[in-house]
Amino acid sequence: MTSLPEPSIGIIMGSDSDLPTMEAAIVVCERFAVPTEVAIISAHRTPDRMVSYAQNAHGRGLKVIIAGAGGAAHLPGMVAALTPLPVIGVPIPTRYLQGVDSLYSIVQMPNGIPVATVAIGNAHNAGLLAIQILASHQPDLLVKVQCYRHELTSKVMEKQVDLESLGYKEYLESMERK
Ligand code: RP5
């Protein structure tokens, strides 16, 4: 019998309505073949579940927690208060305040209990940061991160070549067609 790999990264969110935003973090972890677990955990609607998850996370082998929440967005900060693991907060865009509320709530942590906060809606960067935290002590993963950075550089340089050959007007038109 083959057992599933133990998850290293916990990706949690306050509601299933956060999943479309948080999907980008899951996709990044899949790209780097790092096992994750995904869970809906609400600081307000399932407070006992949040406490239990956060307190047991390191004992279960998780290394990093990514927590997305919108509005009052207490989940990342409360989880950070309950676990010694690094917590990365993703401010979820909201209907009326566009996620500025989520951002301010998540980023304003008191001394002693940090949450590494990414830009509003940028679960992709949260996934990458979690991968980089793991990679700091996993040489194979560090090489993958370096390859990813090379890919980013190559893409920019390809664009530069196109910009120079097409001129900016045609380049803009080609962007609009994409
Ligand atoms: C927060 O409230 C969740 O993280 C979500 O972003 C927001 C709205 O939740 P739903 O009403 O869509 O379940 O706790």
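Just so it is clear, the model here is predicted, and its values are computed rather than measured. One-based numbering, in listed order, for ligands and for the atoms of each.
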Requested in this report: Following the transitive rule for hydrophobic clusters with a side-chain heavy-atom cut-off under 4.5 Å over Ile, Leu, Val, Met, Phe, Trp and Tyr, establish whether Ile92 and Leu103 coincide in one cluster.
Outcome: no
Query raised in the report: In the protein, which heavy atom is nearest to atom 10 (P) of ligand 1, and how far is it?
Result: Ser15 OG, 3.4 Å
Report summary line: Closest to atom 14 (O) of ligand 1 by heavy-atom distance, out of Ala73, Gly70, Gly71, is Gly70
Name each donor-acceptor pair under 3.5 Å that joins a side chain in residues 167-178 to protein atoms two or more places apart or in another chain, with its distance.
residue	atom	partner	partner atom	Å
Ser174	OG	Tyr171	O	2.7

Query raised in the report: Is the backbone of His150 close enough, under 3.5 Å, to the side chain of Ser154 for a donor and an acceptor to pair up by distance?
Result: yes
**Report entry** Nearest protein heavy atom with distance in Å, relative to atom 8 (C) of ligand 1
**Finding:** Ser17 OG, 4.1 Å
Requested in this report: If you have a sec, work out which protein heavy atom is nearest atom 11 (O) of ligand 1 and how many Å separate them, to one decimal?
Outcome: Arg45 NH2, 3.2 Å
Requested in this report: Give the atoms of ligand 1, by number and element, whose distance to some non-hydrogen atom of Ala69 is under 4.0 Å.
Outcome: 4 (O)
Requested in this report: Starting from atom 6 (O) of ligand 1, locate the nearest protein heavy atom and write down its residue, its atom name and how far away it is, to 0.1 Å.
Outcome: Asp18 OD1, 2.6 Å
Query raised in the report: Counting N and O atoms only, with roles assigned by atom type, does the side chain of Asn122 sit under 3.5 Å from a partner on the main chain of Val118, one being a donor and the other an acceptor?
Result: no
Report task. Check whether any side-chain N or O of Ser102 sits under 3.5 Å from a backbone N or O of Gly71 as a donor-acceptor pair, and report yes or no. Result -> yes
